[in-house]
Novice: 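First the structure, then my questions, so here it is.
All residue numbers refer to positions in the sequence shown, counting from 1. Predicted model only: the values in this text are computed from it and were never measured. Computed from heavy atoms alone, side chains included, the values below leave out hydrogens, waters and symmetry copies.
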Amino acid sequence: MPIPSYAPPSKSSYDVVVVGGAAVGSSVAYWLGEETRRRLSVLVVERDSSYEFSSTALSTSAIRQQYSNPINVRISQFGVEMIRSFQDRMAPYFPDEPAPNLGFKEYGYLYCCSPEGVEAARARVDMQRDLGAHTVFLDQGGLKAQFPWLNVDDLGGGSWGAEAEGWFDSMGLLNGFKRAARALGAEYIDNAVTGLGVVGGRVTSVRLSTGETVFCGTLVNAAGPRAQQVAAMAGLSIPVAPFKRYSFVFASATPIPGRMPNVIDLSGTFVRPEGPLFLTGNTPGDDGPADYDDFGPRPQEFDDAIWPALYHRIPGFDALKVQQAWTGHYEMNMLDHNGIVGFHPEVGNFMFANGFSGHGLQQSPATGRAVMELIVHGGFRTLDLTPFAYERIPANRPFMEEAVI
């Protein structure tokens, strides 16, 4: 997209330049500020300062601990801790107004399970519980007793996270991180990175669409679905591309009684309450990757795929009316659906924070902290995200996450 003429960066050189100022990039800037207290100069370059097309703004704003990979469970546990305490953490940076209350709805997730998948689902629940999650496995009878509006005839059971899972205000999280980062000295500019200067195995400079060049000590790629564009500027490659995800808000003539969790159907369709309405979508299909600027809708997705799945799983959804729809992008890591976090082994000051495959928002608190630790301390000090390192990419060594929705 064309970039208007905005104020240029205030300096010609920065210790850290972050490409992308949505949830992950702003989390990085916040944690750098918290840790260094202005000892490092930080520039955040965001091409879409309205966040109109940001994956953060267009996400379904949820967090869960029901992952197949233990490190993702721990990352989300820290995310929940941050979300619950966010208003208090951000209060010092909002002296004249209340800090964002993220309105965390801890209504849980319910993963439906086929009869053939029961053994694997029980094993995942045991792993999650061993890590402190509150997930429980409900057999077919248990599901019907807990959720009488659910069709369980073709299910073997389901895993239900009754606590520390739910949905929250994504833009509140982003705005809190951004406000705090700026208060701690980070500079944000409305611009796009069009090129990188690389000399002797290091990124030395960043070229902006408005013509300026700034020098940098460390380059952080937090460009979301455009991550490969930025990597290519340094002669690098990662298997990350945008995949379209269609979301719909609908009204139902039949209410769902009780406290409804985010229901994940066998088909990949999900549905959860959104106030008096409902929010639904499905796992990105095989029609990607999409063009970086393609946010075109596909209204037939609701009628052709989503509504039949909803009606089958929740028979009360027999009379629905779509109220709102939008299209967002997943930054899909096509190797293993997990994030890529860490420095490149040859371009030694190029930091990846990419490829989260739809769970970047909920993983942004832990990712920002991890990136800060690598930059400031040279290693992880809290969660060890070594399995997310770039080296697995050229080695074609997947570190799989199976629970992608």
Novice: Is it true that the NZ or CZ of Arg397 lies under 6.0 Å from the centre of Phe399's six-membered ring and within 45 degrees of the ring axis?
Specialist: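 Verdict for Phe399: no cation-pi partner in Arg397.
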Novice: Quick check: do Val206 and Leu196 have side-chain heavy atoms less than 4.5 Å from each other?
Specialist: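 Side chain of Val206 against side chain of Leu196, heavy atoms only: contact under 4.5 Å found.
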Novice: I'd like to know whether the aromatic ring centres of Trp160 and Phe147 sit less than 6.0 Å apart in this structure.
Specialist: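 For Trp160 and Phe147, the ring centres are under 6.0 Å apart.
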Novice: What's the separation between atom CD1 in Ile314 and atom CG in Leu320, rounded to the nearest 0.5 Å?
Specialist: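 Ile314 CD1 to Leu320 CG: 9.5 Å, rounded to 0.5 Å.
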Novice: Spell out, as yes or no, whether a donor-acceptor pair under 3.5 Å connects the side chain of Glu212 to the backbone of Pro8.
Specialist: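 Side chain of Glu212 to backbone of Pro8, a donor-acceptor pair under 3.5 Å: no, none is there.
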Novice: Going from CG on Leu383 to CD on Gln363, what distance comes out if it is rounded to the nearest 0.5 angstrom?
Specialist: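 If I round to the nearest 0.5 Å, the distance is 10.5 Å.
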Novice: Quick check: are there more than 12 heavy atoms from other residues, nucleotides or ligands sitting under 6.0 Å from CD of Glu119?
Specialist: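 No - once you tally the heavy atoms of other residues, nucleotides and ligands closer than 6.0 Å, there are 12 at most.
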Novice: Per the side chain to side chain donor-acceptor pair (under 3.5 Å) rule, which among Asn333, Asn338, Asn72 passes with Glu401?
Specialist: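 In the set Asn333, Asn338, Asn72, the residue that makes a side chain to side chain donor-acceptor pair (under 3.5 Å) with Glu401 is Asn72.
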Novice: Would you sort out whether Glu187 and Ser10 count as a side chain to side chain donor-acceptor pair (under 3.5 Å), showing the intermediate values?
Specialist: CA-CA 8 Å; Glu187 180 180 345; Ser10 65; 2.6 Å; yes
Novice: Within the 4.5 Å heavy-atom criterion, are Val376 and Trp31 side-chain neighbours or not?
Specialist: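 Not in contact.
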Novice: Under 3.5 Å, is there a donor-acceptor pair between the Gln65 and Thr135 side chains?
Specialist: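 No, no side-chain donor-acceptor contact under 3.5 Å.
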Novice: Show, in sequence, the C-alpha distance, side-chain angles and deciding distance for Asp154 and Arg313, and conclude whether the salt bridge (Lys or Arg N to Asp or Glu O under 4.0 Å) test is met.
Specialist: CA-CA 9 Å; Asp154 59 342; Arg313 188 57 58 211; 2.8 Å; yes
Novice: Show your working on side-chain contact (heavy atoms from CB on, under 4.5 Å) between Phe168 and Leu361 and close with a plain yes or no.
Specialist: CA-CA 10 Å; Phe168 61 97; Leu361 174 65; 3.8 Å; yes
Novice: Would you say the rings of Phe317 and Phe250 are close, in the sense that their centroids are separated by under 6.0 Å?
Specialist: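 For Phe250 and Phe317, the ring centres are under 6.0 Å apart.
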Novice: Check the side chains of Ser209 and Asn191 for a donor-acceptor pair under 3.5 angstrom, ignoring hydrogens and angles.
Specialist: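 Result is yes, a qualifying pair exists.
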Novice: State, without any angle test, whether Glu301 and Asn282 hold a side-chain donor-acceptor pair at a distance under 3.5 Å.
Specialist: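 The criterion, which ignores hydrogens and geometry beyond distance, is satisfied for Asn282 and Glu301.
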Novice: Surrounding CZ of Phe295 (heavy atoms of other residues, nucleotides or ligands, distance under 6.0 Å), is the total greater than 12?
Specialist: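 More than 12 within 6.0 Å, yes.
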Novice: Please confirm whether the backbone N or O of Ala57 pairs with a side-chain atom of Ser170, one donor and one acceptor, at under 3.5 Å?
Specialist: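 No; judged by distance alone, with no hydrogens or angles, the pair does not exist.
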Novice: Looking at Arg84 and Glu106, is there a salt bridge between them, counting it only when a charged N and a carboxylate O are closer than 4.0 Å?
Specialist: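 Salt bridge flag = yes for Arg84 with Glu106.
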Novice: Do side-chain atoms of Asn354 reach the backbone of Ile340 as a donor and acceptor pair under 3.5 angstrom?
Specialist: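 Not at all, since once roles are kept as given, no pair shorter than 3.5 Å links the two residues.
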Novice: For Arg369 and Thr382, which I'm curious about, is there any donor-acceptor pair between the side chains at under 3.5 Å?
Specialist: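 Judged by distance alone, the side chains do pair up.
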Novice: Are the side chain of His359 and the backbone of Phe356 linked by a donor-acceptor contact shorter than 3.5 Å?
Specialist: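 Indeed, once roles are kept as given, a pair shorter than 3.5 Å links the two residues.
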Novice: Taking atom CZ of Phe248 and atom CZ of Arg298, what is their separation to the nearest 0.5 Å?
Specialist: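 The CZ atom of Phe248 sits 8.5 Å away from the CZ atom of Arg298.
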Novice: So does Tyr51 get a backbone contact from the side chain of Asp48, meaning a donor-acceptor N/O pair under 3.5 Å?
Specialist: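 Yes, because the side chain of Asp48 sits within donor-acceptor range (under 3.5 Å) of the backbone of Tyr51.
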Novice: Could you give the distance from CG (Asp190) to CD (Glu46), rounded to the nearest 0.5 Å?
Specialist: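 One finds 8.0 Å between CG of Asp190 and CD of Glu46.
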Novice: Grab the two heavy atoms, one from Pro284 and one from Phe243, that are nearest each other, plus how far apart they are.
Specialist: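 What the structure gives for the nearest pair is CB-CB, 4.2 Å.
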Novice: Quick one: do the Arg124 and Tyr111 side chains pair a donor with an acceptor below 3.5 Å?
Specialist: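 Not at all, the side chains of Arg124 and Tyr111 share no donor-acceptor pair under 3.5 Å.
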Novice: Would you please classify the geometry between the Tyr390 ring and the Phe352 ring as parallel, tilted or perpendicular, with 30° and 60° separating the classes?
Specialist: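 Phe352 and Tyr390: parallel rings.
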Novice: For His377 and Glu35, test the side chains for any donor-to-acceptor distance below 3.5 angstrom and give the result as yes or no.
Specialist: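 Side-chain D/A pair, His377 to Glu35: present.
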Novice: Between Asp265 and Leu310, is there a donor-acceptor pair closer than 3.5 Å when you use the side chain of the first and the backbone of the second?
Specialist: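 Not a single qualifying donor-acceptor pair exists.
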Novice: Ignoring hydrogens and angles, tell me if any N or O in the side chain of Lys144 forms a donor-acceptor pair with the backbone of Leu150 under 3.5 Å.
Specialist: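 Checking the backbone N and O of Leu150 against the side chain of Lys144, a donor-acceptor pair under 3.5 Å is found.
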Novice: With no hydrogens and no angle check, is any side-chain donor or acceptor of Gln128 less than 3.5 Å from a backbone partner on Ala133?
Specialist: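 Not at all, since once roles are kept as given, no pair shorter than 3.5 Å links the two residues.
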Novice: I need the Tyr311 OH to Asn151 CG distance, nearest 0.5 Å.
Specialist: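 The OH atom of Tyr311 sits 10.0 Å away from the CG atom of Asn151.
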Novice: Do the side chain of Glu373 and the main chain of Arg381 share a donor and acceptor less than 3.5 angstrom apart?
Specialist: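 Checked: pair present.
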Novice: If we only count heavy atoms from C-beta on, is the Thr56 to Ser364 side-chain gap below 4.5 Å?
Specialist: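 The answer is no; the side chains never approach within 4.5 Å.
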Novice: Take Val371 and Val24 through the test side-chain contact (heavy atoms from CB on, under 4.5 Å) and record every step on the way to the result.
Specialist: CA-CA 10 Å; Val371 168; Val24 171; over 6 Å; no
Novice: If you define the side chain from C-beta out and look only at heavy atoms, does anything of Val263 sit under 4.5 Å from Trp149?
Specialist: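 Sidechains of Trp149 and Val263: in contact.
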Novice: So, the side chain of Asp15 versus the backbone of Ser41: is there a donor-acceptor pair under 3.5 Å, distance only?
Specialist: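 Flag set: sc Asp15 to bb Ser41 pair under 3.5 Å.
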Novice: Are Arg272 and Tyr107 in a cation-pi contact, defined as NZ or CZ under 6.0 Å from the six-membered ring centre and within 45° of the axis?
Specialist: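 So Arg272 doesn't make the cation-pi contact.
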Novice: Using 0.5 Å steps for rounding, measure from the OG atom of Ser27 to the CG atom of Leu173.
Specialist: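 If I round to the nearest 0.5 Å, the distance is 7.5 Å.
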Novice: Around atom CD of Glu391, are there more than 12 heavy atoms of other residues, nucleotides or ligands at under 6.0 Å?
Specialist: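 Yes, the 6.0 Å shell around CD holds more than 12 heavy atoms from other groups.
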Novice: Does anything in residues 172-199 form a ring-ring contact (aromatic ring centres under 6.0 Å, His included)? List the pairs, not counting sequence neighbours.
Specialist: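 Pairs touching residues 172-199 that pass the test: Tyr30-Phe177, Phe86-Phe177.
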Novice: Considering only heavy atoms from C-beta outward, does the side chain of Lys244 approach that of Tyr246 to under 4.5 Å?
Specialist: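 Touching, per the 4.5 Å side-chain cut-off.
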Novice: For Met127 and Val73, run side-chain contact (heavy atoms from CB on, under 4.5 Å): C-alpha distance rounded to whole Å, both residues' side-chain angles, the deciding distance at 0.1 Å, then the answer.
Specialist: CA-CA 9 Å; Met127 177 271 290; Val73 179; 4.1 Å; yes
Novice: Shortest non-hydrogen contact from Ala305 to Thr269?
Specialist: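 So the minimum-distance heavy-atom pair works out to O-OG1, 4.4 Å.
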Novice: After noting the C-alpha distance and the side-chain angles of Ile306 and Val271, does the key distance pass the side-chain contact (heavy atoms from CB on, under 4.5 Å) rule?
Specialist: CA-CA 10 Å; Ile306 293 177; Val271 62; over 6 Å; no
Novice: Cation-pi between Arg179 and Phe94: NZ/CZ under 6.0 Å from ring centre and within 45° of the ring axis?
Specialist: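 Pair Arg179/Phe94 counts as cation-pi.
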